[in-house]
Amino acid sequence: MLKASKLLVLPIVAAIMIAGCSQDPDQTNLIGPDLSAAYVPAAGDAVTSATLYVYVWQSSGHNVTTHQVTADWAEAAVTWNNFGGAFNGAAEGSFLADSPGWRTVNLTALVTAWSDGSYSNFGVLLKQGFQEVPRTWIYSRENATNQPYLEVCYSTAGGPVCVQYPCTGDASIAENLPNDNFGLINTMFVGWPAIGELEKQALLRFDVPPVPEVASLGDFVWYDDNENGIQDAGEVGIPGVTVHLMDCAGNILATAVTNASGYYLFSNLMPGNYNVHFVAPLGFVFSPQDQGGDDALDSDVNPANGMTICTTLEGGENDLTWDAGLYMPPPPEGCSLTIGYWKNHAGFGPQPDYLSQFLPIWLGTAGGARSIYVNTVQIAYDILTMQVYGTPTNGITKLYAQLLAAKLNIANGADGSAIAGTIAAADAFLANRYYLNWNSLSKTQKKNVLAWLTMLDNYNNGIIGPGHCDIIGDGNDE
């Protein structure tokens, strides 16, 4: 938004308007390298200083003040009359024209306002105090040497950068010649030639590009309990989901991970075109896309590839409408699933519990002295993770996990005839043996345990029996 500025029009004033002067590439008066064509401010950059340089050709001994210009003008057309005193009477700064040479003025506040869009960049005006004679002469951009320029320093992500912007337009205007234009001469003048005469002003203009406002994009990944693609009351976020920010050509620009509440954010973005790629965790699938009438509450992801459509971010925009709904489908019937699948579908976390419907299950014969009665998902989960009832280096611990997964598969409709004998032999053994007995088993007993768990593992992986279910997230993590 442009801020309005107060205009002060003086009936008898002499000032110089400086409006964008261009610079001879061979001149050597600039301080440091000329970066004006090599650097374009990026979103997030900040102006740290801005200094106007003008060269006094003929001194006056008086202060020359600089002012914000508040209306547009053209170098070859501006006159005293058509300019109309369009400048802010409050001075931005001043310099003393007491001898020939370079003078500087701090214009940091004004250039910052140009860069962030608070003020339109119409340049600066130079004027001298009322009836202060003689007038001051300044080299213009048409001069072969010592042309005006503006040095702006930025704080950037890559460190400080200073850019010297040449003048792209300058002109003098004179109250005594109110319809004449003095935009193409080698010098500019400001002040009064003599007491009782009329004022001269000067205008300078510099093409300082605005700094784009940063933008942000993000929002929410949630567990869609009813699989309808809409964020309903009570549905919770999913932590730890990887989200890629992409350009619309398919390149990854940044990566985020959803927080403990399921939220993510990409900030400090340049205005431009983006889309988002969500990586579904193992076992999850995406909800239907663009359901309902509220874009802030739907799932924006194409279920086929995890991608959103391309969107355009404007400077300063904070677009928090890019969401992804995820759910876990129930296990298919009639095929086998691994211990990894059943472990990941025990209901710990946002995923649903597809396991408890098949409990209780005995590991060992019913009522056996060492049999384990699996009647809760917590016990089942502890068995399948192989970290509570021993460790994966223990053959009986591994047998527990493979036997439980096989019995869950059979309860879910898979044909268990290929392993009926193995299950019977393992149950009979486990009725009187516990995981703590592993190290005391004979060589033959250990060999039998390893043969049983291998047969059950082959069944759960579909190598024998009805075949493995072809679904996402069923890794064998034995």
Side-chain angles (χ1 to χ4, degrees), residues 1-21 46-54 56 60 62-75 77-97 103-132 135-136 138 140-141 148-152 165 167-175 178 181-183 188-192 198-211:
M1 178 184 295
L2 296 180
K3 297 179 181 176
S5 1
K6 184 177 179 181
L7 302 184
L8 180 60
V9 181
L10 300 178
I12 304 178
V13 205
I16 301 176
M17 290 160 75
I18 306 174
C21 314
V47 173
T48 56
S49 67
T51 305
L52 170 66
Y53 287 79
V54 293
V56 174
S60 63
H62 299 298
N63 278 317
V64 176
T65 56
T66 60
H67 302 259
Q68 173 207 358
V69 177
T70 57
D72 206 0
W73 55 276
E75 179 183 53
V78 66
T79 68
W80 182 276
N81 278 348
N82 65 29
F83 178 65
F87 66 93
N88 191 329
E92 296 290 334
S94 65
F95 63 86
L96 179 62
R103 298 295 185 275
T104 62
V105 182
N106 184 348
L107 296 182
T108 303
L110 179 59
V111 174
T112 298
W114 290 347
S115 296
D116 66 19
S118 298
Y119 296 149
S120 294
N121 178 7
F122 299 130
V124 294
L125 177 141
L126 305 185
K127 64 187 295 290
Q128 196 166 288
F130 179 70
Q131 294 266 329
E132 289 183 343
R135 62 188 171 185
T136 301
I138 298 169
S140 73
R141 76 187 187 101
Y149 67 96
L150 181 66
E151 183 176 73
V152 182
Y165 295 102
C167 190
T168 56
D170 57 10
S172 294
I173 55 176
E175 189 179 12
N181 170 262
F182 303 96
M188 295 177 291
F189 37 80
V190 57
W192 280 258
L198 298 176
E199 185 180 4
K200 321 296 181 185
Q201 300 173 352
L203 296 164
L204 295 171
R205 194 169 200 153
F206 304 88
D207 291 339
V208 179
V211 174

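- Considering only residues two or more places apart in sequence or on other chains, Thr112 meets the side-chain contact (heavy atoms from CB on, under 4.5 Å) condition with Val47, Thr108, Asp116.
- A 4.5 Å side-chain heavy-atom check between Tyr165 and Pro209 finds at least one atom pair inside the cut-off.
- Contact annotation: the side chain of Gln68 approaches that of Tyr119 to within less than 4.5 Å [non-hydrogen atoms, C-beta and beyond].
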Q: Give the intermediate values and the outcome of side-chain contact (heavy atoms from CB on, under 4.5 Å) for residues Thr51 and Val105.
A: CA-CA 6 Å; Thr51 305; Val105 182; over 6 Å; no
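- Nearest heavy atom pair, residue Val64 against residue Ala97, reads CG2-CB, 4.4 Å.
- Closest heavy-atom contact between Arg103 and Leu96: NE-O, 2.7 Å.
- Every residue meeting the ring-ring contact (aromatic ring centres under 6.0 Å, His included) condition with Phe182, not counting sequence neighbours, appears here in chain and number order: Phe189.
- Rounding to the nearest 0.5 angstrom, the gap separating the CE atom in Met188 from the CD1 atom in Ile173 is 12.0 Å.
- Here the shortest heavy-atom pairing between Thr66 and Leu107 reads OG1-CD2, 3.7 Å.
- In terms of the side chain to side chain donor-acceptor pair (under 3.5 Å) criterion, Arg135 has no residue partners (sequence neighbours excluded).
- Proximity of Tyr149 to Leu52: side-chain heavy atoms (C-beta onward) are nowhere separated by under 4.5 Å.
- Closest heavy-atom contact between Pro148 and Ser140: CD-C, 3.7 Å.
- Two residues are said to be in side-chain contact when any heavy atoms from C-beta on lie closer than 4.5 Å; Asp170 and Glu75 meet this criterion.
- Side chains of Phe95 and Asn63 form no contact here, defined as non-hydrogen atoms less than 4.5 Å apart.
- Looking only at side-chain heavy atoms (C-beta outward), Leu150 and Val208 come within less than 4.5 Å of each other.
- Shown here are the side chain to side chain donor-acceptor pair (under 3.5 Å) partners of Ser115, two or more places apart in sequence or in another chain: there are none.
- In this structure Ser94 satisfies the side chain to side chain donor-acceptor pair (under 3.5 Å) test with no other residue, sequence neighbours excluded.
- Counting only distance, with no hydrogens or angles, the side chain of Asn181 and the backbone of Thr79 share no donor-acceptor pair below 3.5 Å.
- Atom CG of Leu198 is separated from atom CD of Gln131 by 9.0 Å, given to the nearest 0.5 angstrom.
- The aromatic rings of Phe130 and Trp192 sit perpendicular to each other, their planes meeting at more than 60°, with 30° as the lower class boundary.
- Panel note: side chain Asn82, backbone Gly84; no donor-acceptor pair is recorded below 3.5 Å.
- For Thr104, there are no side chain to side chain donor-acceptor pair (under 3.5 Å) partners two or more places apart in sequence or in a different chain.
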Run the side-chain contact (heavy atoms from CB on, under 4.5 Å) test on Lys127 and Lys200 for me, step by step, so that the C-alpha distance in whole Å, both residues' side-chain angles and the decisive distance to 0.1 Å come before the verdict. CA-CA 8 Å; Lys127 64 187 295 290; Lys200 321 296 181 185; over 6 Å; no
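- Shown here for Phe122 and Thr70, the closest heavy-atom pair between the two residues is CD1-C, 3.5 Å.
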### Task
Report the C-alpha separation of Gln128 and Thr136 in whole Å, then their side-chain angles, then the decisive distance to 0.1 Å, and conclude whether the side-chain hydrogen bond (donor to acceptor under 3.5 Å, both in side chains) test is met.
CA-CA 8 Å; Gln128 196 166 288; Thr136 301; 2.7 Å; yes
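- His67 contributes a side-chain N or O that, together with a main-chain N or O of Asn88, makes up a donor-acceptor pair within less than 3.5 Å.
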